[in-house]
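Below is one structure, written out as C-alpha cells; the observations come after it.
Read the numbers this way: they start at 1 and go in the same order the structure lists the ligands and their atoms.
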Amino acid sequence: MSDHLGSSHDEGELSDESHRRSNRASSSEEPKSGGSNKVLESKMRESILSRLTKRKMSESDDDTTEQRFSIQPKDQQKAKEDRYREKEREKKRERDDRKGGREGDVRQKDRDIRGRHERTGRDVKGHEHRHHHHRKHDGDGHRNNRSDSDRFSERDRKRDDRHRDRHRRTSSPEDERVHRSPTKKPKQGEIAEDTKLFDRVLEPGHKKKEKEVLVVEDVEMSPVEILEEKEVTEIVEFTIDSPVGPKKYSKFESDPENDVIEVLEENAHSDEDVESDEDKYTKTPDDSEWEEMTENEQRLHRDAMKKRREIRQKELIAQLPTYFPGLMGCRNIDEYECVNRVDEGTFGVVYRGKDKRTDEIVALKRLKMEREKEGFPITALREINMLLKAGNHPNIVNVKEILVGSNMDKIYMAMEFVEHDMKSLLDTMSRRNKRFSIGEQKTLMRQLLSGIEHMHKLWILHRDLKTSNLLMSHTGILKIADFGLAREYGDPLRKFTSIVVTLWYRSPELLLGTRLYSTPVDMWSVGCIMAEFILLKPLFPGRGELEQIKKIFMELGTPTESIWPGVSELDGWKTLTFEKYPYNQLRKKFLAGRLLNDTGFKLLNGLLTLDPKNRFTATQALDHEWFEEEPYPVPPEEFPTFPAKSEQNKAPPPGAKPKQPENRMAHVDPETAKLLKQFDVRPEQMKPGGFSIKFDPTRF
Ligand SMILES: Nc1ncnc2c1ncn2[C@@H]1O[C@H](COP(=O)(O)OP(=O)(O)OP(=O)(O)O)[C@@H](O)[C@H]1O
C-alpha cells in the first residue's frame, strides 16, 4: 500500500504539472486530433491519480478512508468490496442477535444470499449500490449510530476516532462550529460526527454550508466509499417527524417546517449540557430504522416526538398575530328597507329606513365619501365618533349602528328617527302665523341647553348649531343632530379653523377670525336659536361675513376694548374698520317686551354677549331665573303635534289602489325603478304632498 502511495505521489507531482498543462490546453485550445485527445485523457487520468495519492498520504493510511474515486486497481477495489460485504454481514448479525428469535432466519438468509451470489458469480454490488444510495440520501448510518451506540463495532469506533482526528486537523474553525453539535456532548462510544447530519440541518447556516460542499466526481459509485465517508456534507434529503410518521423533504423542496424545527431544536437543547436519554430519540428514524428498533426504543421515540410537538405547538401559537376582539363587523344596508328620502344636507343624504328584522323606523344618513381619495373621510369619522360619545342623552340624537353599503365608499349611520326638524317647523308655523307659547319656548330652550351642557361636559364642541340641526319628536323632545363639524376640545385650547358654524349662527369672535375658541361659540348659536324660536325667523341673516358682523354690531353695538377686552387683537378687527353703533338695539326686535320679557331678554343677552369670556355657559343659562318664573316650561308631552314633513310621503292604506302606477314607473329611469323596487318604495309614494323622492343610484 505504502509503496503504491509512494509511487503514486511521484506520479502525482508529474501529473499535476501535466494536468495544469492539459487544463490550459482544454480551456484555451481545442484539441486538434484524436491523438491529442488520447494524450489529454491519459493526463487527466494521471492527474486524478495524483490527487488521490496526495489525499491518501495526507489523511490516513487506512484504505477505507479514501473512497471517492473509483479509479483504483481492480484487486484493491475487490478487496474493499469484500471488506464491506463482511462488515455488512457482521452488522446484520448483530442486529439479528438483538432481535433474538429472528437470528436463525437471518443467518439462513445471509447464507442463502452468499450462496446465491457464489452460484451466480455476481457480487452484491447492485444491492450495495442501492444501499449506498439510500444511505447517502438519508444519513442512515448516522442515525443508526445515534439511536443505538451498541451497534458500533470496535472497528467502527477506531475508524471514527481516526476520522475525527483527521477532521480536526483539516477542518477550519468555522467548519468545526458547523460539525460540532452545539448542544450535545458525545457519549462514550458515540462520536461527534454522528450528529453532524442533523446538526447541519439544524444549524442556521447549514444552507450556506451546503453551497460549500466539495463536489466529488464519482466516476463509479462504490458502496464502500459512502459508508466510510463521514465528511459528506451534502444533505440531499432529511426527515422530520409528524404524528403520522416520518416525512421526507428534499433540500430542493421548500420545507415549511424547517425554520420552526430549527428553533425548536435549539430551544429543546439549549439549556442541556448533558445529553439526556431522551435526546437520542428526538431525531426521527426512517421506516427501516423504526422497524429495527426495540419496543422500548420506539416508546422513547414516541415520547420525544410528543415533547417536540408540544414545543412546536407553543412556537406556532407565539407566532399568531394579535387578535383585536373589540372590533365588530357592520351590518349591511340591505338589512334595511328604504321608506323615503328625508333630506340632503351638506354632508350627507338622509333616508327614512325600516329595519327588516324589527320593523323599527330609523334615519339613515349616508355619509359623504366621494370626495375622499385616501381612506375614510375624517369628517365622517368625527361625526360617528362624537355622536357615539355624546349620543347617550335624551336631547342628542342617538346613533344605533353604522352600516355598510354595496362597497366601502357607502357608509350609513342609523339613528333614531325624529319626525321634525326645527327649521321646517318654524317655517310652517311662520307661514301659518303661529308661535310657540312662552312655556313651549322655555321647554325648547331647556332641552337645547341640557343637551349642550352634556356635550360640553364631554369636551365636545358642536360647531354647527342651527335650527335645521335641531330635531323635534312627535312627543315634544328636542334633539341635537348633525355632529359633522363636532370636535373634541381640550385645556389648553388648541387652534381650530374659524370657518365653522353656518354664517347666521356664527359668533363674532369666529367672524373676527379667532382660532382659539371654545364652548362660547356654541352658546352664541344658542342665543341665535332662542331668538329664532321666538321670532320664527333668523336673528342675523347676513349674506356674507362682513354683512354678518355688521348686522351683529348694529343690533348689539360695536364693541370696544372695555366691552370686549382683547377684541382689538383679533385679525378681523385689525384689518377692518367698523362703524360705531350705539349700544344694544336688540330689545326693539322683540317688540319692546311683548315677545320676550325682561328676564327672558337677560338670558338672551347673556347668550348673545360679544365677549366670549362673559357669555353664558350652558349651565349658567339653565340656571337662569327665566325658567323659574311663570309661565313655566310646558311638559314635552303637552307640545302640540305637527304634520311631519319627513313622513308626509306615506304609503296609502293597505288595499287602496295605486293611481296609474305603470304610468308613474314609465317616467322613472330603469335604475331608479330598480332601486324603488329594491327598497320597497311604491310608485305612488314618489310625489305626494309636494315631496319628490329622488333616488340617485350612484349615491345610494
Ligand atoms: N335622526 C334624524 N331623524 C329624522 N330626520 C333627520 C335625522 N337626522 C337628520 N335628519 C334630517 O336630515 C337633514 C340633514 O341632516 P344633517 O343635518 O345631519 O345632514 P348634513 O348633511 O350634516 O346637513 P347640514 O350640515 O347641511 O345641516 C336634517 O335637517 C333633518 O331634516
Side-chain angles (χ1 to χ4, degrees), residues 336 338-355 360-372 377-388 390-403 410-428 447-448 451 455 461-487 499-506 522 525 528-529 532 538 642-650 689-694 696 699-700:
Y336 284 87
C338 177
V339 180
N340 62 275
R341 176 164 147 165
V342 179
D343 205 349
E344 177 168 9
T346 316
F347 296 103
V349 191
V350 179
Y351 299 88
R352 190 154 66 117
K354 188 162 91 176
D355 190 332
E360 187 186 11
I361 295 288
V362 296
L364 292 168
K365 180 172 178 176
R366 190 181 148 200
L367 304 172
K368 284 223 164 109
M369 312 276 283
E370 57 260 42
R371 272 186 233 136
E372 200 61 35
I378 189 71
T379 49
L381 272 179
R382 278 197 196 127
E383 182 165 7
I384 294 167
N385 190 28
M386 294 298 110
L387 259 176
L388 286 173
N392 186 26
H393 187 275
N395 299 117
I396 294 175
V397 74
N398 182 255
V399 175
K400 293 183 178 297
E401 63 179 320
I402 308 298
L403 302 140
K410 289 174 182 166
I411 304 288
Y412 298 85
M413 200 163 60
M415 301 172 280
E416 60 177 320
F417 185 80
V418 190
E419 293 81 3
H420 309 274
D421 77 276
M422 220 38 162
K423 175 91 180 96
S424 307
L425 207 54
L426 293 172
D427 287 348
T428 309
Q447 293 185 85
L448 173 62
M455 223 162 54
L461 299 177
H462 188 282
R463 304 198 305 177
D464 198 16
L465 288 170
K466 57 182 177 180
T467 47
S468 62
N469 283 340
L470 300 179
L471 305 174
M472 177 119 171
S473 74
H474 275 327
T475 51
I477 305 292
L478 178 143
K479 295 196 183 255
I480 303 165
D482 190 3
F483 279 61
L485 282 178
R487 285 295 297 263
I499 317 297
V500 286
V501 189
T502 304
L503 191 62
W504 298 351
Y505 305 84
R506 200 177 294 171
D522 281 343
S525 306
C528 299
I529 291 167
E532 202 168 325
F642 312 93
K645 189 175 146 189
S646 58
E647 289 182 316
Q648 281 174 4
N649 48 344
K650 276 180 187 163
F691 233 83
S692 170
I693 305 172
K694 256 179 79 183
D696 180 352
R699 287 161 176 257
F700 200 84

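- Applying the 4.0 Å criterion to heavy atoms of Phe417 picks out, from ligand 1, the atoms 3 (N), 4 (C).
- Close approach to Val350 involves these atoms of ligand 1, each under 4.0 Å from a residue heavy atom: 6 (C), 9 (C), 10 (N), 12 (O), 14 (C), 15 (O).
- Legend: residues meeting side-chain contact (heavy atoms from CB on, under 4.5 Å) with Ile361, ordered by chain and number and at least two apart, are Val339, Arg352, Lys354, Phe417.
- Ligand-side atoms of ligand 1 in range of Val397: 1 (N), range being under 4.0 angstrom from any heavy atom.
- A donor-acceptor contact shorter than 3.5 Å is absent between the side chain of Gln447 and the backbone of Asn395.
- Those atoms of ligand 1 that come under 4.0 Å of a heavy atom in Ser468, given as number and element, are 28 (C), 29 (O).
- Residue contacts with ligand 1, taken as heavy atom pairs separated by less than 4.0 Å, do not involve Glu419 at all.
- With Met422, Lys365, Glu416 as candidates, the residue nearest to atom 19 (O) of ligand 1 on a non-hydrogen basis is Lys365.
- Listed for the His420 side chain is no donor-acceptor partner under 3.5 Å among the backbone atoms of Met422.
- With rounding to the nearest 0.5 angstrom, the CG atom of Asp522 is 4.5 Å from the CG atom of Leu465.
- At a 4.0 Å heavy-atom cut-off, ligand 1 touches Lys466 through the side chain alone.
- Panel note: side chain Asn469, backbone Asp464; a donor-acceptor pair is recorded below 3.5 Å.
- Looking at residues two or more places apart in sequence or on another chain, you find a salt bridge (charged side-chain N to carboxylate O under 4.0 Å, His left out) between Glu416 and Lys479.
- Interface atoms of ligand 1 facing Asp421, defined by a heavy-atom separation under 4.0 Å, are 31 (O).
- By the 4.0 Å heavy-atom criterion, Ala481 is excluded from the residues contacting ligand 1.
- For Glu383, the heavy-atom gap to ligand 1 stays at 4.0 angstrom or more.
- Rounding to the nearest 0.5 Å places NZ of Lys365 at 4.0 Å from CG of Asp482.
- The residue among Leu471, Val418, Asp464 with a heavy atom at the shortest distance from atom 7 (C) of ligand 1 is Leu471.
- If you look at Asn469 next to ligand 1, the close heavy atoms, those under 4.0 Å, all belong to the side chain.
- Not one N or O on the side chain of Arg382 forms a donor-acceptor pair closer than 3.5 Å with the backbone of Phe483.
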